[in-house]
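Got a structure for you, questions after.
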Amino acid sequence: MKNVLKYSTIICLIALTVAACESNKSSDTSTNNSLEAKVASDTSVKNSTETALTVTDKGCEPNQLTLASGENNFVLTNKSSQPLEWEILSGVKVIEEKENIAPGFVQKLKTNLQPGEYDMACGLRSNPKGKISVKAEVGNSQAKGTVDQGQLVGAIAEYKVYVTKETDQLVADNKTFTDAVSAGDVARATKLYAPTHAHWERAEPIAELFSDLDKTMDSRADDFAKKEADPQFTGYHRIEKALFQDKTTKGMKPFAEKLQKDGLDLQKRIATLTIEPKNMVGGAAGLIEEVAATKISGEEDRYSHTDLWDFSANVDGSQKIVELLRPVIQKANPDLLTRVDSNFTKVNQKLAKYKTPDGGFATYDKVSEADKKDMKTAIAALSEDLSQLRGTLGVN
């Protein structure tokens with residue numbers, strides 16, 4: 001009963017908070033299509049909302065920007081040697097991001113920025129951060145969505161409950177997992193790794209909003225210049241390497257204690273977090289894009305080959321968002337919803353083939369090349385459809 005009251009209270013508080021925010025929005029819907037974007041290292045002024053950025057192995061070029069508030073469009077070019085993500089940060093919180101930009105590729109990102117000072121996360125987590133200074137622009141306003149944002153209040157409240165439950169379970173399972181690591185019980189820790197990490201993967205659209213915890217809890221070796229030897233390589237995948245590749249827990253106790261501490265910190269932060277529509281709606285596509293980028297290739301859990309656990313958890317998290325938004329999507333674009341449902345079915349059918357009797361999944365090296373190809377095709381189609389959700393629901 002205590003948990004029922006806890007999660008019911010969360011729904012009520014979120015509904016009141018979001019409703020209050022909606023009622024206080026400006027009624028001014030005029031847009032200024034000639035916003036000035038100025039690169040700090042270049043005093044010339046661009047009469048456009050489009051800002052070009054290049055990310056290399058060493059950081060962003062340019063690494064300082066001065067922009068007008070309101071709608072801004074970024075053109076991001078990856079000139080580094082590996083897939084990367086680019087983020088706009090306010091303190092440690094991720095305001096906007098574009099993930100999994102392949103080497104040599106260009107992606108665009110549209111966002112509305114409020115006046116203030118922001119950081120840019122540029123590629124490798126060990127790279128120096130860039131700076132964005134956003135100045136108030138008279139006459140600018142946020143772009144108005146095509147869907148009444150008040151219709152999303154209930155869905156966001158329910159999603160907060162879902163994320164809170166997943167985080168609570170993560171903390172509980174983390175305790176058992178990290179205790180096994182600290183005790184030197186390799187067999188038990190190995191068995192607990194995948195189901196524990198799955199809770200992070202389901203809640204990832206919200207968990208990764210805290211860039212400092214995302215870095216310490218879920219970074220891969222490729223995120224750092226020195227790879228596995230980098231002292232900043234910590235969290236799940238550092239312990240995964242020790243358990244599955246090195247077959248030992250030697251030296252892992254500090255990493256386990258840090259992981260448990262970070263999980264508790266995440267739980268506290270999420271408890272007081274107001275989830276924005278863009279975080280939830282964009283999260284449905286973000287989770288599937290991550291599957292396409294790192295799960296299909298086997299990069300995510302390269303030491304344990306438990307990628308299908310994460311694959312399934314990402315699909316669960318994405319499908320939950322779609323279910324909560326179903327009435328709104330159905331009204332805005334029923335054909336899109338039909339395609340999304342069909343592609344979720346195809347993906348889940350492929351996953352079901354590799355389920356094990358204990359409720360888990362076969363290791364990824366057991367997946368046939370033909371099935372990997374089919375999964376990749378289904379995930380690509382699902383990702384493309386889900387990428388339309390923010391535009392369909394007017395959430396920028």
**Study point:** Non-hydrogen side-chain atoms of Leu84 and Gln82 separated by less than 4.5 Å
**Key:**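 No. Closest side-chain heavy atoms not under 4.5 Å.
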Point to revise | Six-ring centre of Phe74, Lys110 cation under 6.0 angstrom, axis tolerance 45° | key: no
Review point. Hey, is NZ on Lys355 packed in by over 12 heavy atoms from elsewhere, all under 6.0 Å?
Key: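 Atom NZ in Lys355 is crowded, with more than 12 foreign heavy atoms closer than 6.0 Å.
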Practice item. Inspect the surroundings of NZ in Lys241 and state if more than 12 heavy atoms from other residues, nucleotides or ligands are less than 6.0 Å away. Key: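 It does: Lys241 NZ has more than 12 such atoms within range.
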Check your understanding: Taking 4.0 angstrom as the limit, do Lys261 and Asp265 come out as a salt bridge?
Key ->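 So Lys261 does not pair with Asp265 through a salt bridge.
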Check your understanding: Which atoms form the tightest heavy-atom contact between Ser219 and Phe233, and what is the distance?
Key ->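 Residues Ser219 and Phe233, closest heavy atoms: O-CE1, 3.5 Å.
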Point to revise | Phe311 side chain reached by Val347 side chain, heavy atoms, under 4.5 Å | key: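 Side chain of Val347 against side chain of Phe311, heavy atoms only: contact under 4.5 Å found.
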**Study point:** Partner of Phe255 by side-chain contact (heavy atoms from CB on, under 4.5 Å), out of Thr249, Val181, Ile239
**Key:** Ile239
Point to revise | Over 12 foreign heavy atoms within 6.0 Å of CZ, Arg339 | key: yes
Point to revise | Any residue meeting side chain to side chain contact (heavy atoms under 4.5 Å, CB included) with Lys346, in chain and number order, not counting sequence neighbours | key: Ser342, Asn343, Ala378
Practice item. Provide the closest heavy-atom pair for Val322 versus Ala284 in the form atom of the first, atom of the second, distance. Key: CG2-CB, 4.5 Å
Revision key, fill the gap. Contacts of His199 meeting ring pair (Phe, Tyr, Trp, His ring centres under 6.0 Å) (sequence neighbours excluded), chain-then-number -> none
Exercise for review: Indicate the atoms forming the closest heavy-atom contact of Thr196 with Leu170, along with that distance.
Suggested key: O-CD1, 3.5 Å
Point to revise | Atom NZ of Lys226: over 12 foreign heavy atoms under 6.0 Å | key: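 No, not enclosed.
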Review point. Is there a chain of hydrophobic side chains (I, L, V, M, F, W, Y, each step under 4.5 Å between heavy atoms) that links Val171 to Val161?
Key: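 Unlinked, Val171 and Val161 end up in two clusters.
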Point to revise | Arg220 bridged to Glu300 by N-O distance under 4.0 Å | key: yes
Practice item. Please work out whether the ring planes of His237 and His197 are parallel, tilted or perpendicular, with thresholds of 30° and 60°. Key: perpendicular
Exercise for review: Sort and list the pairs that fulfil disulfide bond (SG atoms under 2.5 Å apart) and have at least one residue in residues 98-130, not counting sequence neighbours.
Suggested key: Cys60-Cys122
Check your understanding: Could Arg125 and Glu85 be called an ion pair, given the rule that one side-chain N must be under 4.0 Å from one carboxylate O?
Key -> yes
Exercise for review: Output yes when Lys215 and Glu87 qualify as a salt bridge under the 4.0 Å nitrogen-oxygen rule, no when they do not.
Suggested key: no
Exercise for review: Could you tell me whether the side chains of Asn333 and Gln388 share a donor-acceptor contact shorter than 3.5 Å?
Suggested key: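 Per modelled atom types, Asn333 and Gln388 side chains form no pair under 3.5 Å.
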Review point. Salt bridge check: are Asp307 and Lys372 linked by an N-O gap of less than 4.0 Å?
Key: no
Point to revise | Check: Arg188 and Thr176 side chains under 4.5 Å, non-hydrogen atoms | key: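 Sidechains of Arg188 and Thr176: in contact.
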Practice item. Look at Glu323 together with Lys320 and state whether they make a salt bridge at an N to O cut-off of under 4.0 Å. Key: no
Check your understanding: Does the side chain of Asp365 pick up a donor-acceptor pair with the side chain of Thr363 at under 3.5 Å?
Key ->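 Per modelled atom types, Asp365 and Thr363 side chains form a pair under 3.5 Å.
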**Study point:** Lys/Arg N to Asp/Glu carboxylate O, Lys191 vs Asp185, below 4.0 Å
**Key:**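 Asp185 and Lys191: not salt-bridged.
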Exercise for review: Decide whether Tyr236 and Asp301 meet the rule of one side-chain donor and one side-chain acceptor closer than 3.5 Å.
Suggested key: no
**Study point:** Distance-minimising heavy-atom pair for Leu124 and Asp222
**Key:**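 Scanning both residues completely, I find the closest heavy atoms to be CD2-O, 3.1 Å.
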Exercise for review: Give the ring-plane orientation class for Phe177 versus Tyr193, where under 30° counts as parallel, over 60° as perpendicular and anything between as tilted.
Suggested key: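 Because their plane-to-plane angle lies in the 30° to 60° range, the rings of Phe177 and Tyr193 count as tilted.
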Check your understanding: With a 4.0 Å cut-off, would you call Asp262 and Lys258 a salt bridge?
Key ->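 The answer is yes: the pair qualifies as a salt bridge.
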Practice item. May I ask whether Leu287 and Met280 are part of the same hydrophobic cluster, defined by side-chain heavy atoms of I, L, V, M, F, W, Y residues being less than 4.5 angstrom apart, directly or through others? Key: no
Exercise for review: Please report the shortest heavy-atom distance between Phe361 and Thr356, naming the atom on each side.
Suggested key: N-OG1, 3.5 Å
Point to revise | Asn314 side chain to Glu201 side chain, donor-acceptor N/O pair below 3.5 angstrom | key: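 Result is yes, a qualifying pair exists.
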Exercise for review: Tell me, yes or no, whether the heavy-atom count around Gln260 atom CD, taken from other residues, nucleotides or ligands under 6.0 Å, exceeds 12.
Suggested key: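 Atom CD in Gln260 is crowded, with more than 12 foreign heavy atoms closer than 6.0 Å.
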